[in-house]
Participant: 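Let me begin by handing over the structure; questions about it come next.
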Amino acid sequence: MSTKQQLLIYLKESKGTWISGEFLAHKIAVSRSAVWKHIGSLKDDGYVIESSRKKGYLLRETSDLLLADEIREGLNSNVFGKGEIIYFAETDSTNVRAKYLAVEGAPEGTVVVAEKQTQGRGRKGRTWFSPASEGIYTSIILRPPISPNEAPKLTLMASVAVAEALLSLTSLKINIKWPNDILINGKKVAGILTEISTDMDRIDYVVIGVGVNVNTSRKGLHPDIRQTATSVFMETGKVFPRIALLRAYLEWLEIYYEAFKTKGFDPILNRWKHFADIIGRRISVNLMDSMRVGTVLDVDKDGFLILQDRKGTIERIISGDVTLLSRE
Ligand code: BTN
């Protein structure tokens with residue numbers, strides 16, 4: 001453990017009370033000036049630490065940055081987030097970073113996280129607005145023992161994990177819009193971008209990228225999405241601890257991933273259907289080059305939408321943008 005990490009442990013143990021520089025230096029076996037230097041570095045990381053010549057140091061607030069050590073602390077998982085967590089104050093896209101790491105052989109469960117993305121990517125070539133320190137922008141590497149045509153199931157799995165994480169930490173009503181938009185009060189709070197690399201008929205790696213609008217204010221949202229997007233802050237009126245939400249997401253993702261590998265897709269699909277509340281609804285679906293309107297009969301065992309139009313024709317839809325139409 002580094003000197004800085006040891007220092008942080010002592011500060012956290014006595015959070016809100018003063019602790020002398022001499023005591024810290026003695027406990028960690030470094031000089032007082034080394035303590036001072038590392039305190040400065042912790043402040044740069046976003047920890048609010050008061051200093052006094054007479055009294056020493058006092059930790060007022062832990063950092064809200066998504067720092068690897070903070071994420072790991074109290075993380076109740078076995079694999080996800082237990083290995084490498086790669087943190088960027090700023091990067092182009094965590095999915096792009098994760099793909100590079102995966103190609104270099106990074107193991108399953110490697111997590112990439114950024115405070116800010118300059119080229120955050122959404123589905124269908126869209127951009128994902130990623131302002132600094134207001135949201136969660138994270139990607140995880142998986143190496144599932146499944147065939148490539150099963151990969152869409154993993155996106156549904158991730159949407160369920162995000163929904164469970166939000167549900168477990170807030171009293172908000174969470175919905176999933178097929179296939180994987182997470183909504184609160186009909187507005188999008190989170191999105192998922194899954195990218196896969198295949199090798200013949202097996203998956204080499206999957207990168208699941210999740211973006212959540214956590215503490216974004218209405219003004220902070222990009223004007224293009226102000227009507228359709230929301231954030232946890234906008235829905236609750238309270239600044240929300242991003243770290244807690246990220247931890248909960250990793251924990252739920254691991255639970256569902258394990259269930260997927262041992263019990264198959266059914267437990268995920270059932271939970272997904274619960275959050276989606278789409279069966280029996282009239283919807284329109286924007287496909288690449290056309291549009292369909294109809295009633296959702298089911299979401300099948302592969303996660304595809306079964307849609308029946310007014311003439312009774314039934315179609316299986318693999319991907320598209322859904323709009324819920326008013327109930328008849
Ligand atoms: C969508 O269009 O709904 C998907 C948005 C996915 C955004 C996340 S943010 C972290 C990861 N890195 C990216 O560049 N995109 C995903």
Side-chain angles (χ1 to χ4, degrees), residues 65-66 71 80-81 85-103 106 110-142 151-152 154-163 165-166 174-184 186-197 205-216 220-222 224-232 242-243 245-246 249-250 253 272 275-276 285-288 303 319-324:
L65 297 183
L66 301 173
I71 296 168
F80 294 181
I85 299 179
I86 295 72
Y87 170 86
F88 292 97
E90 178 178 321
T91 191
D92 46 2
S93 151
T94 56
N95 264 32
V96 169
R97 295 299 119 207
K99 285 195 284 181
Y100 279 128
L101 289 161
V103 168
T110 303
V111 172
V112 180
V113 60
E115 296 297 335
K116 175 181 176 180
Q117 295 183 123
T118 52
Q119 290 168 52
R121 299 164 49 182
R123 287 172 59 226
K124 306 201 164 151
R126 296 179 191 130
T127 53
W128 184 260
F129 181 55
S130 314
S133 302
E134 291 181 357
I136 294 174
Y137 320 114
T138 186
S139 303
I140 190 163
I141 297 170
L142 301 183
L154 297 172
T155 309
L156 266 68
M157 172 186 81
S159 67
V160 170
V162 174
L166 284 164
I174 312 296
N175 279 115
I176 301 177
K177 192 176 83 158
W178 186 84
N180 51 26
D181 287 352
I182 319 298
L183 311 184
I184 304 176
K187 292 189 171 181
K188 183 160 169 175
V189 69
I192 293 155
L193 178 67
T194 304
E195 298 186 72
I196 74 168
S197 167
Y205 66 80
V206 176
V207 166
I208 300 181
V210 167
V212 190
N213 302 327
V214 185
N215 290 322
T216 329
L221 287 175
H222 193 279
D224 291 353
I225 55 171
R226 248 174 233 166
Q227 300 305 320
T228 53
T230 190
S231 71
V232 180
R242 292 181 305 152
I243 295 248
L245 189 56
L246 177 52
Y249 161 66
L250 292 172
L253 191 70
W272 186 92
F275 283 116
V285 194
N286 228 329
L287 307 177
M288 283 296 220
S319 135
D321 275 338
V322 167
T323 306
L324 292 177

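Start at 1 with the first residue, then count along the sequence. Counting convention: from 1, in listed order, for ligands and their atoms alike.
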Participant: Taking it one step at a time, do L183 and V189 satisfy side chain to side chain contact (heavy atoms under 4.5 Å, CB included)?
Facilitator: CA-CA 5 Å; L183 311 184; V189 69; over 6 Å; no

Participant: Taking R242 for its side chain and G135 for its backbone only, find out whether a donor-acceptor pair lies under 3.5 Å.
Facilitator: yes

Participant: Hey, which of T94, I140, I85 is the one that makes side-chain contact (heavy atoms from CB on, under 4.5 Å) with V112?
Facilitator: T94

Participant: Might you list the protein residues in contact with ligand 1, defined as having a heavy atom under 4.0 Å from one of its atoms, sorted by chain and number?
Facilitator: S93, T94, N95, Q117, G120, R121, G122, R123, W128, Y137, T138, S139, D181, K188, G191, I192, L193, G209, V210, G211

Participant: Please tell me whether Q119 and S93 have a donor and an acceptor in their side chains that are separated by less than 3.5 angstrom.
Facilitator: no

Participant: Indicate whether the side chain of S231 and that of T216 have a donor and an acceptor atom separated by less than 3.5 Å.
Facilitator: no

Participant: Quick one: side-chain contact (heavy atoms from CB on, under 4.5 Å) partners of K187, sequence neighbours excluded?
Facilitator: T230

